[in-house]
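Given the structure is predicted, the values throughout are model-derived calculations rather than measurements. Residue numbers run from 1 in the order of the sequence given.
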Amino acid sequence: MSEATKDATAPAATAGALPAAGTPFTGRLRRPAPYLWLAGSVLLLLFPFYLDRFWLQAGLFAMAAAIGAIGLNLLTGSTGQLSMGHAFFLAVGAYGYCVLAGESSTENGHALTGLGLPSWLAAVLAVLLAGAAGGLFSPIAGRLSGAYLGIATLALIFIGQHVLFNAGSLTGGFNGRPVPPLSLFGFTFDDAEVVVAAVPFQSSEKLWYLGLAALLAGGLFARGVLRGRPGRALNAIRDHRIAAGVMGVPVARYRAGVFVLSSMYAGLAGVLLALVFQRTVPEYFGMILSLEYLAMIVIGGLGSVAGAVIGAAFVSLLPQVLTHYSDSLPLVSAPGTGGIAPGEASRYLYGAAVVAVVLFLPGGIARLKTPGEKKK
């Protein structure tokens, strides 16, 4: 080999020894999202060992809200069907679990009815019961859209509130009814102390991992639906219903089916909420809760599973944080002390967040680009 040939091939050999700009290696370095997801997952698994009960319960509320928001996002964000009755299906899941798993007893003058089923079976049946309630309403959901469906589902809230306050044998009336702890494979998610790595685990610590598993399963299932053929059909219905029908998409059937699926997600969220609260109260499952779920999916991002989780965390954690730090925050104080109550302040803030997202970030928080991600 001549000297000229050696000189020509040396730079090429040196360049081949190092990854060139734009290769997959440097691309991975510029996209930190996978590493952030991995670090976040590890932190979530370690939280029960370091956080106190308040923060664990706040996190569980966020997980339950995220599950319900994923279901509503399938209906509203992906299919374009407005629902104002999401809280009704949460109540069906929560009270369905209490009736199916609870024992018959008397409390506060009410003879409570309970079937005494195994709690794990009661949880599954409560989710199916919420889906069945959605199935009864699905013929209406398959034929209505927009504001008409919103008004029709709003009727569910009024019907549900009337039943919850007056069917004392099932719901316990105004004072609600206790929630039986969940038992799964001989392990009970109650306040009985279990020591793990020198850390006492009670109901909040035990339910933490159950909530993570339920959220992960619900998120992966919804992601699979949206990325498959059903998701494309739902998006086609949302974008142009008539064109979707011309292309052969059974519009009414898909609308009814996604309404049932959304109801089941709400039922699962209701069961988890009941287990965290340890007591169901009718007043909680009102119109404000349905409006909060709509705020969650708008703030996080319509049609996105990640957006539903982000929006649910924001809306559900905000009042908890304001309550916890009300003594050190300006203008925010306990109710009746002259300032703005934490719950009221949180509604002002996420109301402003909804306006800001609609005006300046229509895709929601989930559409924000990571530092290394190029805009498409």
Hey, any chance Ile159 and Leu291 share a hydrophobic cluster, counting ILVMFWY side chains that come within less than 4.5 Å of each other, even indirectly?
no
Taking the side chain from Ser78 and the backbone from Leu75, do they hold a donor-acceptor pair closer than 3.5 Å?
no
With the side chain counted from C-beta on, respond yes when Pro181 and Phe189 share a heavy-atom pair under 4.5 Å apart, and no when they do not.
no
Any donor-acceptor pair under 3.5 Å linking the side chain of Ser262 with the backbone of Val258?
no
CE (Met84) and OG1 (Thr76) are apart, to the nearest 0.5 Å, by 10.0 Å
Minimal heavy-atom distance between Ala130 and Gly267, with the atoms involved, is CB-CA, 3.6 Å
If a pair satisfies ring pair (Phe, Tyr, Trp, His ring centres under 6.0 Å) and one of its residues is in residues 123-166, list it, with sequence neighbours excluded.
Phe137-Phe259, Phe165-Phe174
Would you name the heavy atoms of Gly218 and Ile70 that are closest together and state the gap between them?
O-CG2, 4.3 Å
Is the backbone of Thr113 close enough, under 3.5 Å, to the side chain of Ser104 for a donor and an acceptor to pair up by distance?
no
Give me each pair satisfying salt bridge (charged side-chain N to carboxylate O under 4.0 Å, His left out) with a member in residues 104-114, each pair once, sequence neighbours excluded.
Glu107-Arg279
Return all side-chain donor-acceptor pairs below 3.5 angstrom for residues 293-308, not counting sequence neighbours, or 'none' if the list is empty.
unit_1 : atom_1 : unit_2 : atom_2 : d
Ser304 : OG     : Ala306 : N      : 3.4
Ser304 : OG     : Gly307 : N      : 3.0

Non-hydrogen atoms of His86 and Gly71 that approach each other most closely
CE1-C, 4.4 Å
Hey, are the side chains of Leu112 and Glu103 touching, using non-hydrogen atoms and a 4.5 Å cut-off?
no
Tell me whether Arg238 contacts the main-chain N or O of Gly77 through its side chain, where contact means a donor paired with an acceptor under 3.5 Å.
yes
Checking side-chain contact (heavy atoms from CB on, under 4.5 Å) for the pair Leu289/Tyr284: CA distance, chi angles, key distance, verdict?
CA-CA 7 Å; Leu289 183 61; Tyr284 179 76; 3.8 Å; yes
Separation between OG (Ser138) and CG (Leu136), nearest 0.5 Å, reads 7.5 Å
Which residue is it: Thr171, Thr280, Leu170? I am looking for the one with a side-chain contact (heavy atoms from CB on, under 4.5 Å) to Leu164.
Thr171
Gap between atom CH2 of Trp55 and atom CG of Asp52 - 0.5 Å precision:
8.0 Å
N/O donor-acceptor pairs under 3.5 Å from side chains in residues 57-66, not counting sequence neighbours:
none

Between CG of Leu216 and CG of Leu44, what distance do you get to the nearest 0.5 Å?
10.5 Å
Would you call Val249 and Tyr254 a side-chain contact if the rule is heavy atoms closer than 4.5 Å?
yes
Single-linkage hydrophobic cluster Val281~Val179, side-chain heavy atoms < 4.5 angstrom
no
Does Phe88 belong to the same Ile/Leu/Val/Met/Phe/Trp/Tyr cluster as Val163, with side-chain heavy atoms less than 4.5 Å apart forming each link?
no
Give a yes or no on whether the backbone of Ala192 and the side-chain of Lys206 come within a donor-acceptor separation of less than 3.5 Å.
yes
Using a strict 4.0 Å threshold on nitrogen-to-oxygen distance, state whether Asp191 and Arg53 make a salt bridge.
yes
Let me check something: any side-chain donor-acceptor pairs from residues 347-365 under 3.5 Å, sequence neighbours excluded? List them with distances.
unit_1 : atom_1 : unit_2 : atom_2 : d
Tyr348 : OH     : Glu344 : OE2    : 2.7
Tyr350 : OH     : Glu292 : OE2    : 3.1

For the residue pair Leu82 and Gly146, what are the closest heavy atoms and their distance?
CB-O, 3.7 Å
Under 6.0 Å between ring centres: does that hold for Phe285 and Phe89?
no
Would you compute the distance between atom CG of Asp190 and atom CG of Leu275 and round it to the nearest 0.5 angstrom?
11.0 Å
Centroid separation under 6.0 Å, is that true for the rings of Tyr95 and Tyr97?
no
Same cluster or not: Leu317 versus Ile310, using hydrophobic residues (I, L, V, M, F, W, Y) connected whenever any side-chain heavy atoms lie under 4.5 Å apart?
no
Here's a test for you: under side-chain contact (heavy atoms from CB on, under 4.5 Å), which of Leu72, Leu74, Leu149, Thr153 qualifies with Gln81?
Leu149
Run the side-chain contact (heavy atoms from CB on, under 4.5 Å) test on Leu318 and Phe314 for me, step by step, so that the C-alpha distance in whole Å, both residues' side-chain angles and the decisive distance to 0.1 Å come before the verdict.
CA-CA 6 Å; Leu318 188 58; Phe314 178 81; 4.3 Å; yes
Step by step, work out the side-chain contact (heavy atoms from CB on, under 4.5 Å) result for Phe54 and Thr323.
CA-CA 11 Å; Phe54 170 83; Thr323 301; 5.6 Å; no
Treat each ILVMFWY residue as a node, draw an edge where side-chain heavy atoms are under 4.5 Å apart, and state whether Leu45 and Val199 are in one component.
yes
State, with a plain yes or no, whether a side-chain heavy atom of Ile242 is found less than 4.5 Å away from one of Val251.
no
Closest non-hydrogen atom pair between Ala87 and Ile157, with its separation:
CB-CD1, 3.8 Å
Classify the angle between the aromatic ring planes of Phe201 and Tyr209 as parallel (below 30°), tilted (30 to 60°) or perpendicular (above 60°).
parallel
Just how far is it from atom OH of Tyr50 to atom CG of Leu43, taken to the nearest 0.5 Å?
10.5 Å
Hey, mind stepping through Arg255 and Ser145 against side-chain contact (heavy atoms from CB on, under 4.5 Å) and telling me if it holds?
CA-CA 9 Å; Arg255 281 178 170 176; Ser145 62; 3.5 Å; yes
Ile288 atom CD1, over 12 foreign heavy atoms within 6.0 Å:
no
Could you pull out every donor-acceptor pair under 3.5 Å between side chains of residues 219-233 and any protein atom, sequence neighbours left out?
none

Shortest non-hydrogen contact from Gly68 toward Ala269
N-CB, 3.7 Å
Among Ser183, Ser119, Ser203, the one residue meeting side-chain hydrogen bond (donor to acceptor under 3.5 Å, both in side chains) with Thr188
Ser183
Val194 and Glu205, any side-chain heavy atoms less than 4.5 Å apart
no
